[in-house]
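These notes concern the structure reproduced below.
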Amino acid sequence: MNVMQEMQENLKQAIKQAVLDAKLASEDEIPAIILEQPKDKAHGDYATNVAMQLARVAKKAPRQIADEIVASLDHSKASIKSVDIAGPGFINFFMNNQYLTNLIPTILEQQEAYGSSNTGNGEKIQVEFVSANPTGDLHLGHARGASVGDSLCNILQKAGFVVSREYYINDAGNQINNLALSVEARYNQALGKDFQMPEDGYHGADIIGIGKKLAEEHGEELLNKSQTEQHAFFREYGLKYELDKLAEDLKQFRVTFDNWFSETSLYEEERIVPAIELLREKGYIYEKDGATWFRTTDFDDDKDRVLVKQDGSYTYLSPDIAYHKNKLDRGFDKLINIWGADHHGYIPRMRAAIQALGYDADTLEVEIIQMVNLFENGEKVKMSKRTGKAVTLRELMEEVGIDAIRYFFVMRSADSHLDFDMDLARSQSNDNPVYYVQYAHARICTMLKQAKEKNIDYADYDASLLQSEKAEDLLKKLGEFTQVVADAAVNRMPHRIPQYIFDLASSLHSFYNAEKVINEDNLEETKARLALMEAVRITLANGLQLIGVQAPESM
RNA sequence: GUCCCAGUAGCUCAGCUGGAUAGAGCAACAGACUUCUAAUCUGUAGGUCGGGCGUUCGAAUCGCUCCUGGGACGCCA
């Protein structure tokens, strides 16, 4: 627990005690004390609505209850400076902000670790994200999933969860046959032959590239192989090429995985039949119309689902059940899947599987990432996988830059549709929020560098000299960081982080414009301010790290 | 037809486990660089929180209903 949380906890305890002392309610009638930070500073540092909540229990008017609570309150215990009663019955607390200065030594000592907590208590969470089919380039939707997924993982780790990042490779289904056929077609075309693309072929530029590469490396020699050999070759070659490219693009995007899980391995290790048989033993399987069905309607799905088709092959759900069983067998407490919005209809049957396997439905959480619309020159850019015209992550990284992409995708809540404005993301101007935050970091670096050049060592700073309103705003903001990270983790809301660091950067810029940090006529104050600046720098850098954005030392 | 997401300032969005006068960025307007980076700051203006009904001390937030936009409803993956 850091100084902020400790102080809030003390305050809550003091309020609770006051309620008891005033005999307004019994121990178990008291609701959880909620402290909020009022938007208006005139309403104090913290406020509680407990008097209103108790109105019914105590059968008194909220304001009268508030009066009685305040009268019983032990001011000395919780760094309370003064108390007000306002509005319909809010109790506003003005804190003795001396405690805030304790934050600076804490932050300077913890460095990269500042913001971490044990909120997750070591809970083991597996996060599966991106998992794009290895049949083409990553596009905007995947980029959003990658940004959100990776950031969420970072945040969870910082909040004390144990995280494993996983990518599920769909390398077994029909789409891989189509990939092989597409590669074959592009290879033949590259040799100048008239060769039609298959019906459900992949039209991306990457596959044309594979065809060309094969034509250069092998000439026409591949055509001498048998049909089966050719198909197997194109399949393996295409798959490897696509996977290497996916991993490379993601790595460049600063996203790496602990595990790449192959769907084919489920077949090779014969995990699918046992998974289905397990469900059969539990009575959730039946045969109808020559197919094998999973009775998902036992668990809130609107219709039952086929596992084995009439022709004996599996539907997509079968390996997926085996896969999730495997995940659970690996001992994770919680599974988080990050899916595109077009898969949301798939959630009920997957949760049914989790429950049929004997786990709580909420062992599996699915975070849905809503659609991304791309705008350029004020117009919506059409995206189509079929024609291969989609804007790829790679193109985007080259044109816009990784920092801006990652910031843009994480700054909005994932369940909102997102309009990605190419021109704004590309612009190196003050319209672009990512630069605003980075600039704050760079500004601090410049100040610290200049202090060093002037041989000002602030190791013996006295933080109690930071008494101005702007400095106090900054300190309060700094103190919130740990809680913000914990909330973002628990509620799976990575977008809280960009919001927070934007606010922190704003407080920094405001402070910077109001007060000169380096003032050689007042060394003591300078030292205190330099220490404050370093604390802000560390916090900004830690926040940026969580969302995979760089913290430049100069701009 | 059923289900999911969204509808908040001119634009893009926060706020949604119910709380005080609904916030931010951009755009608009007025100011601030002999000063540690003006990629900044200070201020002004801008709203029937899609509509209606309900729940209660109190609703952008919860419930019902309707409207609008997007998506999903395969023995595809």
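These values consider heavy atoms only, across backbone and side chains, with no hydrogens, waters or symmetry-generated copies. Just so we're on the same page: letters track the sequence lines, and every chain starts at 1.
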Discussion item. Within the 4.0 Å heavy-atom criterion, would you say A:Tyr346 contacts the bases, only the backbone, or no part of the nucleic acid?
Written reply: base
Item to complete: Between B:C36, B:G70, B:U12, spot the one nearest the side chain of A:His417, thanks.
Response: B:G70
For nucleotides 30-32 of chain B, tabulate all protein N/O to nucleotide N/O atom pairs closer than 3.5 Å, reporting atom names and distance.
none

Worksheet item: When you check the phosphate oxygens OP1 and OP2 of B:C75, does a side-chain N or O of A:Lys288 lie under 4.0 Å from one of them?
Response: no
Discussion item. Students often get this wrong, so: under 4.0 angstrom with heavy atoms, is A:Met52 touching a base, only sugar-phosphate, or nothing?
Written reply: base
Item to complete: Could you tell me whether the side chains of A:Gln438 and A:Asp403 share a donor-acceptor contact shorter than 3.5 Å?
Response: yes
Item to complete: Check each of A:Met533, A:Glu525, A:Gln450 against A:Val517 using the side-chain contact (heavy atoms from CB on, under 4.5 Å) test, and report the only one that passes.
Response: A:Met533
Item to complete: Under the salt bridge (charged side-chain N to carboxylate O under 4.0 Å, His left out) rule, what do A:Arg271 and A:Glu263 come out as? Steps first, then yes or no, please.
Response: CA-CA 10 Å; A:Arg271 294 188 188 278; A:Glu263 181 184 1; over 6 Å; no
Item to complete: Please work out if A:Thr315 contacts a base, only the sugar-phosphate, or nothing of the nucleic acid, heavy-atom cut-off 4.0 Å.
Response: sugar-phosphate
Practice prompt. Scan A:Ala440 against the nucleic acid and name what it touches under 4.0 Å (heavy atoms): base, sugar-phosphate only, or nothing.
Written response: nothing
Worksheet item: With stacking defined as ring centroids separated by under 5.5 Å and planes differing by under 30°, is A:His509 stacked against B:A38?
Response: no
Worksheet entry | Sugar-phosphate, base or nothing in reach of A:Ser413, heavy atoms under 4.0 Å | sugar-phosphate
Fill in: Whole-Å distance separating the CD1 atom of A:Ile501 from the P atom of B:A14
16 Å
Practice prompt. Tell me what A:Asp300 touches on the nucleic acid: a base, only sugar-phosphate, or nothing, going by heavy atoms under 4.0 Å.
Written response: nothing
Practice prompt. Identify whether any heavy atom of A:His343 sits under 4.0 Å from a base atom; if not, whether one sits that close to sugar-phosphate; answer base, sugar-phosphate or nothing.
Written response: base
Worksheet item: A:Asn170 has an atom CG; how far is it from atom C1' of B:A77, in whole Å?
Response: 7 Å
Discussion item. Using a 4.0 Å heavy-atom cut-off, does A:Ala514 contact any base of the nucleic acid, only the sugar-phosphate backbone, or nothing at all?
Written reply: nothing
Worksheet entry | salt bridge (charged side-chain N to carboxylate O under 4.0 Å, His left out) assessment of A:Glu166 paired with A:Lys327 | CA-CA 10 Å; A:Glu166 189 152 309; A:Lys327 289 186 185 184; 5.7 Å; no
Discussion item. Please classify the nucleic acid contact of A:Asn519 as base, sugar-phosphate, or nothing, using heavy-atom distances under 4.0 Å.
Written reply: nothing
Worksheet entry | NZ or CZ of A:Arg443 within 45° of A:Tyr512 ring axis and under 6.0 Å | yes
